[in-house]
*Asks:* 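One structure is given below, represented as structure tokens, and several questions about it will come after.
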Protein chains: 2
Amino acid sequence: MAERNTKRVTSADVARMAGVSRATVSYVLNDTPHQTISAGTRGRVLDAAASLGYAPSAAARTLRTGRSDVVLCLLPDWPIGSEVGALLTHLSGALARRGLTLAVHPASREDRPISELWKVLTPAAVLAFEEFSFAEITAMRAAGVALVVALVGPARPEPRELHLSQRLVGRLQAEHLAGLGHTRLGYAYPDDDRLRYFADPRLAGTREGCVDQGLAQPEVRTVPLDPATAAEAVTAWRAAGVTAVCAYNDEVAMAVLAGVRRAGLNAPVDLAVIGVDDIPVARLAEPPLTTVTTDQAAVAVHLAGTVEAAIAGRPAPAPVPADVVRVVRRESA
Amino acid sequence: MAERNTKRVTSADVARMAGVSRATVSYVLNDTPHQTISAGTRGRVLDAAASLGYAPSAAARTLRTGRSDVVLCLLPDWPIGSEVGALLTHLSGALARRGLTLAVHPASREDRPISELWKVLTPAAVLAFEEFSFAEITAMRAAGVALVVALVGPARPEPRELHLSQRLVGRLQAEHLAGLGHTRLGYAYPDDDRLRYFADPRLAGTREGCVDQGLAQPEVRTVPLDPATAAEAVTAWRAAGVTAVCAYNDEVAMAVLAGVRRAGLNAPVDLAVIGVDDIPVARLAEPPLTTVTTDQAAVAVHLAGTVEAAIAGRPAPAPVPADVVRVVRRESA
DNA sequence: CTGTTAGCGCGTTCAC
DNA sequence: GTGAACGCGCTAACAG
């Protein structure tokens with residue numbers, strides 16, 4: 001109640017109020033194992049801490065332990081969609097429940113090199129959408145960062161954390177279209193090269209789905225967000241016998257729809273289209289866009305579990321289940 | 001070069017290598033005023049620091065000075081668009097050039113209260129999109145946070161940092177439509193109540209623009225992202241003699257366009273529409289959407305200047321110029 | 001068992 | 001230009 005802060009409340013203040021030493025305060029507040037503190041003392045310390053509004057100084061703790069409770073997430077300089085925004089929001093909550101704080105850092109060319117960043121924040125873990133160099137990884141590890149992950153990127157020794165859900169997305173698109181009776185699929189690949197680390201696993205998933213459903217491999221075409229160019233792609237697909245296309249995301253899907261109209265055709269009768277993300281304008285498309293959504297909350301929980309396990313030195317949790325992705329059926333497919 | 005890190009490099013290492021005391025290292029590296037260090041010593045310290053790859057521990061510095069170089073930006077739990085994403089990216093760069101590090105924290109209900117957050121990070125400044133309580137503000141100030149700003153929100157004593165650019169956006173929409181000969185405007189207000197802190201200043205700008213251009217006040221209608229409901233709004237506008245509408249953003253604008261089609265009409269002949277943001281799918285709309293964009297880099301630089309000034313105790317810089325906003329002309333208006 | 005004393009981690013800054 | 005203390009929480013060693 002009495003929160004008439006003027007200066008920072010330190011553990012010394014709590015100790016004084018509870019009539020114990022600072023060490024005791026620390027033991028109580030951290031539930032230190034192998035230290036037995038009487039219930040009475042414990043209660044007095046907890047009460048004092050609460051009534052003073054005590055929050056330990058992260059700086060001091062970090063200085064002492066060599067590692068902060070911050071999980072640093074480096075954003076790429078390429079456009080990230082609302083999907084990633086939602087993921088981060090959920091990740092923030094999931095980490096908070098584990099006593100970790102998410103700090104997101106939007107990259108920018110004018111920025112200092114990332115080494116500056118982690119040296120400055122001494123994070124417990126670093127997540128990134130872009131690749132780290134080997135030198136960077138070893139340097140961070142040496143500096144005490146428990147987990148360093150590139151969420152996406154070329155699948156090397158082990159697959160990336162976010163690959164699985166991306167693959168599931170692509171697979172589900174193919175399954176949905178196959179279920180509608182389509183046998184010849186197209187794949188609308190994004191024009192921005194920087195998106196390939198997301199696009200490749202999605203396309204791989206679609207390929208897998210085609211194999212499973214006994215369909216031929218999809219006809220892949222790059223589709224920029226431009227009606228005229230998209231119309232050319234549509235014409236080419238039609239000439240190849242394609243009757244339905246999986247798009248990298250809803251934006252590309254809407255470009256395909258614009259291309260269909262521009263070509264004087266109609267979706268889904270002339271060409272069915274399915275996107276990814278269910279962005280707000282997907283339902284405003286002409287026709288409203290069928291799309292695949294991901295349960296970002298579930299992915300976030302998995303990611304948080306992976307981070308926590310790495311920090312505690314425990315093995316990583318089981319991968320996300322296949323039902324994190326789901327089709328939102330509208331008129332376009 | 002020799003960056004074979006194994007442990008953290010500390011100022012003691014630099015001091016040893018340069019053959020001076022730690023105090024001297026600190027003075028050299030911080031360019032401390034009123035401390036005269038000979039050029040020779042200076043050079044040796046700088047060389048040692050560089051060759052060791054020395055980066056001061058932020059934790060120790062924060063512990064000592066009571067304030068970190070982190071600028072904390074709290075995101076709201078309501079959907080933020082790519083506009084804000086771009087702003088943050090530029091802000092990150094602009095702050096970095098001033099020696100400050102941006103840490104973005106996506107809010108979430110499951111999160112701990114924000115007091116936990118700033119107590120833990122001891123940021124130099126806190127920016128937020130939501131309102132702080134008076135108690136929170138005083139507590140943060142007392143804890144050493146130099147600047148606490150709610151970027152948007154009800155304009156109280158002084159207007160919010162981001163109000164001006166929002167007003168300029170709304171004003172420019174009205175001016176553009178007036179320039180096209182329209183005399184009776186509509187305003188498409190977003191359905192999500194949490195967006196009103198952005199929507200209100202935009203609408204206020206449109207009202208100002210109408211006054212300046214000698215037009216009647218705009219006919220305001222709430223437009224959800226749903227074609228059927230949007231069609232009703234379109235019909236009502238038409239009945240009221242409205243020939244052009246300013247939309248809160250591109251998504252709402254695309255809803256209006258969907259409503260126009262649903263009502264069996266055509267844009268821009270039956271109703272002209274102008275959006276805000278120039279999201280990627282705006283050019284894919286039917287017809288392609290005319291919209292207003294903001295130079296987020298300029299806004300970010302202004303914001304960074306405000307933060308820097310507050311930390312240094314200097315007066316705030318001049319507000320952003322009117323030309324941070326610009327019309328992207330396409331077919332819808 | 002219960003709790004205390006003491007020193008560390010690292011950059012900053014005052015006094016000599 | 002240097003020695004030394006400080007900021008604050010953690011934890012090994014130790015006393016009652």
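Atoms considered below: every heavy atom in the structure, side chains included; atoms not considered: hydrogens, waters and symmetry mates. Note on naming: letters A, B, ... go to the chains in the order of the sequence lines (proteins, then strands), and numbering restarts at 1 for each one.
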*Asks:* Reckon A/Val20 touches a base, only the sugar-phosphate, or nothing at all at heavy-atom distances under 4.0 Å?
*Replies:*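 Sugar-phosphate, backbone atoms only, no base.
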*Asks:* How long is the gap from CZ on A/Arg16 to OG on A/Ser21, to the nearest 0.5 Å?
*Replies:*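 Output value for this atom pair is 13.0 Å.
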*Asks:* For the pair made of CZ in A/Arg67 and C1' in D/dC10, what is the distance, rounded to whole Å?
*Replies:* 15 Å
*Asks:* Do B/Ser92 and A/His105 get their side chains close enough for a donor-acceptor pair, meaning under 3.5 Å?
*Replies:*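 There is such a pair between these side chains.
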*Asks:* Can a salt bridge be assigned to the pair A/Asp47 and A/Arg44 using a cut-off of 4.0 Å between side-chain N and carboxylate O?
*Replies:* no
*Asks:* When the distance from CG of A/Asp31 to C1' of D/dT11 is rounded to whole Å, what number comes out?
*Replies:* 16 Å
*Asks:* What bend angle does the helix from C/dC1-D/dG16 to C/dC16-D/dG1 show across its length, from five-pair end axes and to the nearest 10 degrees?
*Replies:*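 Roughly 50°, once rounded to the nearest ten degrees.
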*Asks:* For B/Leu29, which contact category applies under a 4.0 Å heavy-atom criterion: base, sugar-phosphate, or nothing?
*Replies:*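 Contact class for B/Leu29: none.
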*Asks:* Once you apply a heavy-atom cut-off of 4.0 Å, does A/Thr32 come out as touching a base, just sugar-phosphate, or nothing?
*Replies:*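 Counting heavy atoms under 4.0 Å across all strands, no contact is made by A/Thr32.
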*Asks:* Would you indicate what A/Ser38 reaches in the nucleic acid, counting non-hydrogen atoms under 4.0 angstrom: base, sugar-phosphate, or nothing?
*Replies:* sugar-phosphate
*Asks:* Where do A/Ala298 and A/Val320 come nearest, in terms of heavy atoms and distance?
*Replies:* O-CG1, 4.4 Å
*Asks:* Please tell me if A/Thr36 has a side-chain N or O lying less than 4.0 Å from either OP1 or OP2 of C/dT2.
*Replies:* yes
*Asks:* State whether A/Asp69 and A/Arg98 are salt-bridged, where the test is any N-O pair (Lys NZ or Arg NE/NH1/NH2 against Asp/Glu carboxylate O) under 4.0 Å.
*Replies:*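 A salt bridge is absent here (no side-chain N lies under 4.0 Å from a carboxylate O).
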*Asks:* With heavy atoms under 4.0 Å as the rule, sort A/Thr62 into base, sugar-phosphate or nothing.
*Replies:* nothing
*Asks:* What does the B/S/- profile of nucleotides 3-9 of chain D look like, 5' to 3', with a 4.0 Å heavy-atom cutoff to protein?
*Replies:* B--BBBB
*Asks:* Rounding to a whole Å, what distance do you find between B/His34:NE2 and C/dT12:C1'?
*Replies:*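 Atom-to-atom, B/His34 to C/dT12, this comes out as 16 Å.
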